[in-house]
A.B. asks: 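Before we start, here is the structure in question, set down as structure tokens.
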4 protein chains.
Amino acid sequence: MDKRREVQSSVKDERLVEMRRNQMIRGAVSLFKQKGFHRTTTREIARASGFSIGTLYEYIRTKEDVLYLVCDRIYDEVRAQLNSMDLNGGTISDLSIGIAHYFKVVDAMQDEVLVMYQETKSLSKDALPYVLKKELEMVQMFETLIRQCVEKGELHIEEKQIHLLAQNIFVQGQMWGFRRWALHHTYTIEQYIERQTELLLIGIKGYKAAEKKGES
Amino acid sequence: MDKRREVQSSVKDERLVEMRRNQMIRGAVSLFKQKGFHRTTTREIARASGFSIGTLYEYIRTKEDVLYLVCDRIYDEVRAQLNSMDLNGGTISDLSIGIAHYFKVVDAMQDEVLVMYQETKSLSKDALPYVLKKELEMVQMFETLIRQCVEKGELHIEEKQIHLLAQNIFVQGQMWGFRRWALHHTYTIEQYIERQTELLLIGIKGYKAAEKKGES
Amino acid sequence: MDKRREVQSSVKDERLVEMRRNQMIRGAVSLFKQKGFHRTTTREIARASGFSIGTLYEYIRTKEDVLYLVCDRIYDEVRAQLNSMDLNGGTISDLSIGIAHYFKVVDAMQDEVLVMYQETKSLSKDALPYVLKKELEMVQMFETLIRQCVEKGELHIEEKQIHLLAQNIFVQGQMWGFRRWALHHTYTIEQYIERQTELLLIGIKGYKAAEKKGES
Amino acid sequence: MDKRREVQSSVKDERLVEMRRNQMIRGAVSLFKQKGFHRTTTREIARASGFSIGTLYEYIRTKEDVLYLVCDRIYDEVRAQLNSMDLNGGTISDLSIGIAHYFKVVDAMQDEVLVMYQETKSLSKDALPYVLKKELEMVQMFETLIRQCVEKGELHIEEKQIHLLAQNIFVQGQMWGFRRWALHHTYTIEQYIERQTELLLIGIKGYKAAEKKGES
DNA sequence: TATGAATGAGCTTTCATTCAT
DNA sequence: TATGAATGAAAGCTCATTCAT
């Protein structure tokens, strides 16, 4: 199920590999978010990771491996955060809690999301599918949430819309990261959540925008 | 209004500059969409433009200038396409026609939109604002469209939502370009337009999804 | 007939390519003979050629191309020297003049011969056949010389020996280059020629070692 | 007499050193014959030897030490094979048996001979003399064989030729290894021995090529 | 104005060697 | 004695940019 593309390492000790790659990912994310993948050099990655260029290459084979590891990790972390919410009620409330949760995760992991968002496309034809698969799984989580609402009769949209709505939610989450310049000076994350939820669920029976707005 | 960042050229004849830059942009777009800005070399750009590397540098100063010219041009073209629609009715129908028009433009200019979308972030701090400003102007066109509906009482959303809704529309257009892999094998552009419009305008008084669907 | 493996150059002007490659070959030979191909860096080759590393790579694509050019050139030069002798008499005297001529060429081009001898094996599977073909052609020149003697009845060896004898002559020429340490302090090139010729042609009717020796 | 250049080892147990170096030489020869000394890494040598890179460096000090050990060992083995023949008769027959024996040794140890032949030159100025000395000793074995024939009146060549003839024999043996591409598809080792012996001893009183050929 | 040869800083990657365990 | 993770100098090669023609 969780078929991961293996990145070869000449170091055998798996604990060490795990640890070093953690350092590497942390270092690389902070560089990628500043200057992007292409403008970051492997030496900079090594330095930011706290070891030498030689050591870096003990744990990867090419610079692109770093990008893959970074993207892979970020997707895993975002997904793990999402998985932690256990919403099976099939109510509109559950759905909007799910959306709010996702948006907050995106807000908390802004840098990572931005990197994942902007640099995924730099992955090779070889590595890309693995990452896209993870993205798809995240979208599917929203599909499930939505479908449950539909099945319970809380939401009246057609099956064909579900997939698209799920993608919209996913992209609107990312938007908060990649359109900071247009959004962050206008809304707080809470406002963004509230307004996007309203727009998404407007006109839905049982969704009371006015009520919610009263609270904030 | 149309404050453009000047790209220096050592050639004085403006007609020539215009012509050469057109060639350059055409060549560069086709390269950028294949391999991205960073993986494209200036030599390749020169060759694809039909002149020598020396000549290329008569019309720009740095490689980044090419990117700026490309982004700038694409925004202009997309905006020009959008401007061509003259919708001042303030009806929901006008709005959905506007959306459909925009989505079709995005579909027709897929490659360009993808480039503008993916490479804009590679612009220097210096050039970025000029391009973002153009993007904002496009979003404002949708704001205007929406506001007219609200003013006419066709649409009941608050002022604060207008800006966000406009951005959503804008991003959903781009989505059709940058999430091809997830969308194009599921929807045709017509289906995409129809479904997105439904989701955007669902629950809006006067918007009849069923009716529209019947037409297509 | 003279099918040469093309080495790509990004410079178009063929005269310039020819000139630069001459510089390059001259520089590379002098380095290869000192330290061998593997211990010579591309930067050193560039410097010894009188231009920058960037320029070097305008005229070749990989370091191995330099080796190929060097080997190819040396074979051509040696062969050209050999071709210059016009010996069709089919006499033993012609043969021994031919041998002497070849040995003198080898002596004059000692460094080149040493390089060609020691580094040819470092050529890629791709380039090797082109060079070996040239070597074979040189061996065939001796075969022809020998066969003419046999046909004229001046030499009595079987057809099957001819090829081998030709190879021996060829290798004995190279020996003068690659076994300097063992030969040069014992013989002058003239002595080497004389003695090897004696050994090769000893017992051949009409070959008078004593006579020849008297001359020197 | 057998002055050997010591290769330092931090391991004291001589039996162990001997054993490890045997492993190392075996591994290295097989690598060197495939890819040459320069293209072989120390890690590969360690792996092929059956121990770790750390252990490798307990038994040598530099990569070049491995080359020296390999060359040294090969020379010893070839020489040991040659020493095993006990030919003191001073007859032409003894000499040709000696030659045949040497050629067969070369054939049996083709890979080793090729390595010794091609990589000896990569030895440092420091180590080279030790290896060349061994080579010289092998040549001297042929000199002795030849001189005995001359002294017994079986062979009529001058003292000055003896050294050269011995070298020719030595090089012709190596030829069988380093000119495989030109020889092996034309001759079997037996044919090669026969024909080379004929060429070397042609015209020698008492040498009957025809007779020998009849035997094979 | 157009050309393309020349440049060299700077990139990714390798690998001989060391040394703490 | 054996291990293998760590190191960094140095390699091959690229490419944005310049400038003489």
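Not measured: the values here are computed from a predicted model. Quick note on labels: first sequence line is chain A, next is B, and so on, each numbered from 1.
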A.B. asks: Search all heavy atoms of D:Thr41 against all heavy atoms of D:Glu44 and return the closest pair with its distance.
C.D. replies: N-OE1, 2.8 Å
A.B. asks: What nucleotide among F:dA2, E:dT13, F:dT18 has an atom nearest to a side-chain atom of D:Leu16?
C.D. replies: F:dA2
A.B. asks: With a non-hydrogen cut-off below 4.0 angstrom, is A:Arg20 in contact with a base, only sugar-phosphate, or nothing?
C.D. replies: sugar-phosphate
A.B. asks: Measure the distance from CD on A:Glu44 to C1' on E:dC11 and round it to the nearest whole Å.
C.D. replies: 11 Å
A.B. asks: Closer than 4.0 angstrom, basic N to acidic O: yes or no for C:Glu6 and C:Arg61?
C.D. replies: no
A.B. asks: Report the nucleotide, chosen from E:dT13, F:dT1, E:dT17, that has the shortest atom-to-atom distance to any side-chain atom of A:Thr42.
C.D. replies: E:dT13
A.B. asks: Among the candidates E:dA5, E:dT17, F:dT14, find the nucleotide nearest to the side-chain atoms of C:Ile53.
C.D. replies: F:dT14
A.B. asks: When we call it a touch if two heavy atoms are under 4.0 Å apart, what does B:Thr41 touch: a base, just sugar-phosphate, or nothing?
C.D. replies: sugar-phosphate
A.B. asks: Taking the six-membered ring of D:Phe37 as reference, does the NZ or CZ atom of D:Lys121 fall below 6.0 Å from its centre and within a 45° cone about the axis?
C.D. replies: no
A.B. asks: Counting only N and O atoms by type, is there a donor-acceptor contact under 3.5 Å from the side chain of A:Asp72 to the main-chain atoms of A:Tyr68?
C.D. replies: no
A.B. asks: With no angle test and no hydrogens, is the base of E:dG10 tied to the side chain of C:Arg43 by a donor-acceptor pair under 3.5 Å?
C.D. replies: yes
A.B. asks: Does OP1 or OP2 of E:dT14 have a side-chain N or O of A:Tyr57 closer than 4.0 Å?
C.D. replies: no
A.B. asks: Counting distance only, does the side-chain N/O of B:Glu64 pair as donor-acceptor with the main-chain N or O of B:Ser124 below 3.5 Å?
C.D. replies: yes
A.B. asks: OP1 or OP2 of E:dA5 sitting under 4.0 Å from any side-chain N/O of C:Thr55?
C.D. replies: no
A.B. asks: Which part of the nucleic acid, if any, lies within reach of A:Ser9 when heavy atoms closer than 4.0 Å are counted: base, sugar-phosphate only, or nothing?
C.D. replies: nothing
A.B. asks: Please give the stem ranges for DNA chain F, sorted by first residue number, where a stem is three or more consecutive Watson-Crick or G-U pairs and both donor-acceptor distances are under 3.5 Å.
C.D. replies: E:2-21 with F:2-21
A.B. asks: Can you tell me which nucleotide in F:dT3, F:dA16, E:dT18 comes closest to the side chain of D:Phe51?
C.D. replies: F:dT3
